[in-house]
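Have a look at the structure below, then the notes.
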Amino acid sequence: MFATTIDNLPSRTLKNIMSPTSRSHTVIAAATKFSVPKPTERKPPMDIQQIFGENTFWHAEMQARLPKTVYRSLLSTIQKGTPIDTKVAEAVALAMKEWAVEKGATHFTHWFQPLTGQTAEKHDSFITPNEGGGAVAEFSGKDLIQGEPDASSFPSGGLRATFEARGYTAWDPTSPAFIIENPGGSYLAIPTAFASWTGEALDAKTPLLRSMHALSTQAIRVLKLFNVTNVHQVYTTVGSEQEYFMIDEEFYYRRPDLVTCGRTLFGAKPPRGQELEDHYFGSIQDRVLSCMLETEKELYRLGVPVKTRHNEVAPSQYEIAPIFENTNVASDHQQLMMLMLRRVARHYGLVCLLHEKPFAGINGSGKHNNWSMSTDTGMNLLEPGADPHDNLQFLFFCIAVVKAVNKHQDLLRISVAYAANDHRLGANEAPPAIVSVFLGDQLTEIIEQIEKGSATMSKPGGLLGLGTRVLPPLPRHASDRNRTSPFAFTGNKFEFRAVGSSQSLGWPNTVLNIIVADTLDEMATALEADLKKKVSFEKAVGNVLTAAIRESKRIVFNGDNYTAEWHAEAGRRGLLNLKTTLDALEHMLDAKNRKLLSRFEVLSERELESRHEIALDQYFKTVNIEGETTASMARTMILPAAVRYLNELATTVERGKIIGTDLAGVRETLNEVNQLVAELRTALNELNKQNADLGGDTVHEKAYHMRDKVIPAMRAVRDVADKLETVVAEDLWPFPTYRDMLFVK
């Protein structure tokens with residue numbers, strides 16, 4: 001009587017079995033679309049030395065193709081910052097064009113970084129018609145040095161009116177030009193700065209280059225006081241650890257929130273997340289590893305020195321990291337890394353998610369910014385000696401960084417303040433919004449001694465015994481790592497862990513450079529004053545360090561930054577706790593910050609004000625898009641699915657009455673779903689109301705409305721929707737769940 005066949009299945013069930021759009025079909029398609037190539041089909045192993053930098057016009061190519069005098073002049077510009085000569089530019093343009101055409105390039109572009117956080121490019125052909133009706137490939141020094149893209153459609157924060165369209169791109173010879181390949185052809189990309197017709201910076205690169213120059217000037221000044229006179233340039237260097245998620249594109253395109261916002265706006269916590277702690281450093285799944293290998297190959301060809309790859313903590317989360325480079329080049333390479341991660345993923349039916357928090361309840365993604373200072377002679381100024389307490393030069397630079405973080409904790413927080421990062425900071429291994437410095441036991445002990453008068457001893461590193469003669473003893477670091485610290489000293493560098501995964505490196509490193517330049521200037525001035533008074537050098541350095549430590553020791557914290565006790569202690573110390581983007585942006589235009597950035601000519605007051613306006617506008621627009629998407633998905637996908645399930649339950653209850661069967665369990669489920677539907681409708685009504693009311697006319701009013709009204713309303717809709725996901729029949733749920741996306745490859 002109750003036997004089931006295809007003939008007597010309900011029509012909806014039959015439809016879902018046969019439909020290519022059903023969730024079960026989607027999961028199976030995602031799981032089976034990729035297969036590991038057979039040994040005979042696999043590509044030969046890459047020769048990294050042979051391919052590294054082959055698509056970049058950099059030192060090897062320039063030296064081979066340019067006259068010696070031209071190459072030496074260009075090298076002086078790259079290494080010492082000497083102005084570029086127009087005749088040199090003409091020679092470089094000719095050689096660059098010939099190289100690019102040999103590589104198959106038909107077009108060139110001035111590749112720049114507007115204040116969108118991403119890159120921009122306008123392609124122009126090398127081909128120019130000639131008098132005979134043919135065409136020749138031309139590329140002049142003028143084409144190389146300057147471009148003129150439309151500036152009116154990029155964020156300017158009031159620097160440019162919409163009708164004032166003119167903007168300029170200017171060649172940055174310190175970052176290599178490169179070839180971007182496509183199945184349909186190739187083009188030459190030339191890294192450039194981007195400015196308005198009035199000469200104001202409209203990009204991330206220009207302030208970064210200015211800040212690097214400011215820091216170099218102050219660092220060289222300090223080194224001369226330490227009798228180091230053979231240094232002509234001090235570079236800040238960066239190695240950034242890029243975290244990201246990979247999910248199957250089958251799931252991605254069935255999630256309007258991922259497509260529109262880059263993160264999931266709905267999703268119930270799955271039975272399994274990262275609780276088993278089995279993903280971090282685990283063996284990399286074949287499909288993802290194949291994608292990683294191809295990505296790395298393309299990055300090697302572009303001269304990006306990627307070094308590390310591994311599984312990150314959350315399921316479907318990974319990391320790629322390059323070795324240290326000049327900060328300007330590292331910032332450009334980081335943009336290329338994000339580009340290649342996205343492009344290559346599609347070759348494998350995957351989508352790379354770079355949002356800081358694509359999935360609630362598990363680790364978000366950051367871009368740990370490992371920062372240091374190096375001279376053109378190869379000296380790392382943050383490299384401790386064998387006895388750090390006796391290495392005055394190292395201590396001077398290290399404590400200057402600590403002083404900078406203490407004095408400008410607001411600017412550091414501002415440099416990573418945007419809507420996406422608000423979801424990440426303070427949760428699941430991301431540092432909290434309170435900025436502090438981790439130094440470790442050895443350095444902390446040293447600075448405590450200096451504060452009291454002098455450093456006479458330091459805690460030894462020693463050897464780490466592993467308990468068996470088979471394994472060698474390992475040198476023990478002077479301190480353990482602190483994964484909860486926003487700003488940690490990690491041996492010969494500082495790791496700024498609050499930078500977000502989708503973020504450009506330009507602004508955070510501009511801030512880092514300029515705040516350290518500021519404290520180096522202050523400390524050098526104090527040291528020079530003591531030396532003029534005939535105070536001995538060691539005593540004068542001790543005086544400067546002692547004063548800096550006493551002023552800045554409140555920022556040093558070596559404990560667990562997540563605890564409520566630390567948050568209370570940080571408040572007692574007077575440290576800022578700027579929990580949201582808008583809390584941080586309130587300090588951006590403080591007199592201290594205006595003065596600092598204008599004094600070192602990194603950002604004029606107008607340029608700083610424009611960035612403040614842009615930050616507010618981007619925050620408002622980001623949350624507004626998320627609010628509208630949340631309402632749309634709830635109204636057109638989740639609510640209809642819940643109503644369909646409600647209808648099925650109600651129909652079943654009615655049939656039970658007809659045949660005289662007590663369906664108490666079904667009635668209970670019916671009541672539960674009905675209650676949740678009513679709650680969802682109420683929450684959705686409130687969200688619709690807040691979305692319609694933008695909060696005012698100014699971008700400031702709109703941004704605060706998004707934070708204070710729209711985000712809570714979105715959260716209320718999600719809370720109910722996520723409960724419905726755990727109740728509504730799986731085959732009715734309208735989009736892939738966390739379980740699908742995080743574990744099916």
Side-chain angles (χ1 to χ4, degrees), residues 214-236 371-408 437 439-461 478-479 489 491-494 513-556 558 596 599-600:
L215 185 138
S216 179
T217 300
Q218 298 305 321
I220 290 172
R221 177 184 168 197
V222 170
L223 287 171
K224 286 179 179 177
L225 293 173
F226 279 84
N227 202 31
V228 179
T229 58
N230 63 334
V231 171
H232 302 288
Q233 192 85 6
V234 172
Y235 303 99
T236 56
W371 180 94
S372 191
M373 297 174 278
S374 295
T375 68
D376 55 3
T377 59
M379 183 194 317
N380 183 345
L381 299 178
L382 292 178
E383 181 75 61
D387 297 302
H389 68 277
D390 198 35
N391 189 333
L392 289 182
Q393 181 178 295
F394 158 71
L395 287 172
F396 195 96
F397 281 97
C398 184
I399 291 172
V401 177
V402 175
K403 177 180 169 74
V405 176
N406 176 65
K407 182 178 179 182
H408 299 291
V437 177
L439 290 179
D441 295 340
Q442 186 184 46
L443 266 179
T444 300
E445 184 175 322
I446 290 168
I447 67 170
E448 287 173 351
Q449 292 177 40
I450 293 173
E451 183 188 4
K452 294 174 182 175
S454 64
T456 57
M457 62 175 290
S458 65
K459 184 174 291 187
S479 66
F489 183 71
N492 59 0
K493 61 189 183 296
F494 281 93
N513 293 342
I514 204 59
I515 66 175
V516 175
D518 178 48
T519 53
L520 286 174
D521 177 29
E522 284 188 10
M523 292 169 68
T525 300
L527 180 56
E528 289 164 348
D530 266 8
L531 293 176
K532 284 181 181 178
K533 297 175 184 176
K534 305 302 180 182
V535 177
S536 71
F537 182 74
E538 289 77 9
K539 176 65 174 173
V541 171
N543 291 342
V544 172
L545 295 182
T546 299
I549 290 167
R550 287 174 179 168
E551 174 191 337
S552 309
K553 64 180 181 180
R554 65 173 183 164
I555 204 75
V556 176
N558 294 336
L596 170 69
R599 179 165 67 92
F600 286 100

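These values consider heavy atoms only, across backbone and side chains, with no hydrogens, waters or symmetry-generated copies. Every value quoted in this text rests on a predicted model; they were computed, and no experiment measured them.
For Ser216 (side chain) and Tyr235 (main-chain N/O), no donor-acceptor pair under 3.5 Å exists by modelled atom type. The closest donor-acceptor contact from the side chain of Thr519 to the backbone of Ala400 lies under 3.5 Å. Between the Asn558 side chain and the Leu439 main chain, a donor and an acceptor come within less than 3.5 Å of each other. Between the side chain of Asp376 and the backbone N or O of Gln233 there is at least one donor-acceptor pair closer than 3.5 Å. The closest donor-acceptor contact from the side chain of Ser552 to the backbone of Ile399 lies at 3.5 Å or more, if one exists at all. Listed for the Asn543 side chain is no donor-acceptor partner under 3.5 Å among the backbone atoms of Asp530.
Phe489 and Phe394 have tilted rings, their planes meeting at an angle from 30° to 60° on a 0 to 90° scale.
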request  = Applying salt bridge (Lys or Arg N to Asp or Glu O under 4.0 Å), run through Lys407 and Glu551 and close with a yes or a no.
outcome  = CA-CA 9 Å; Lys407 182 178 179 182; Glu551 174 191 337; over 6 Å; no
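Residues Glu538 and Leu392 form a side-chain contact, since some pair of their non-hydrogen atoms from C-beta on lies under 4.5 Å apart. The closest side-chain heavy-atom distance from Thr217 to Arg221 is not below 4.5 Å.
In this structure, a donor-acceptor pair under 3.5 Å is absent between the side chains of Asn230 and Thr377.
Under 4.0 Å is where a charged nitrogen must lie from a carboxylate oxygen, and between Arg599 and Asp518 at least one such pair does.
Pairing each heavy atom of Leu381 with each of Leu223, the nearest pair is CD2-CD2, 3.9 Å.
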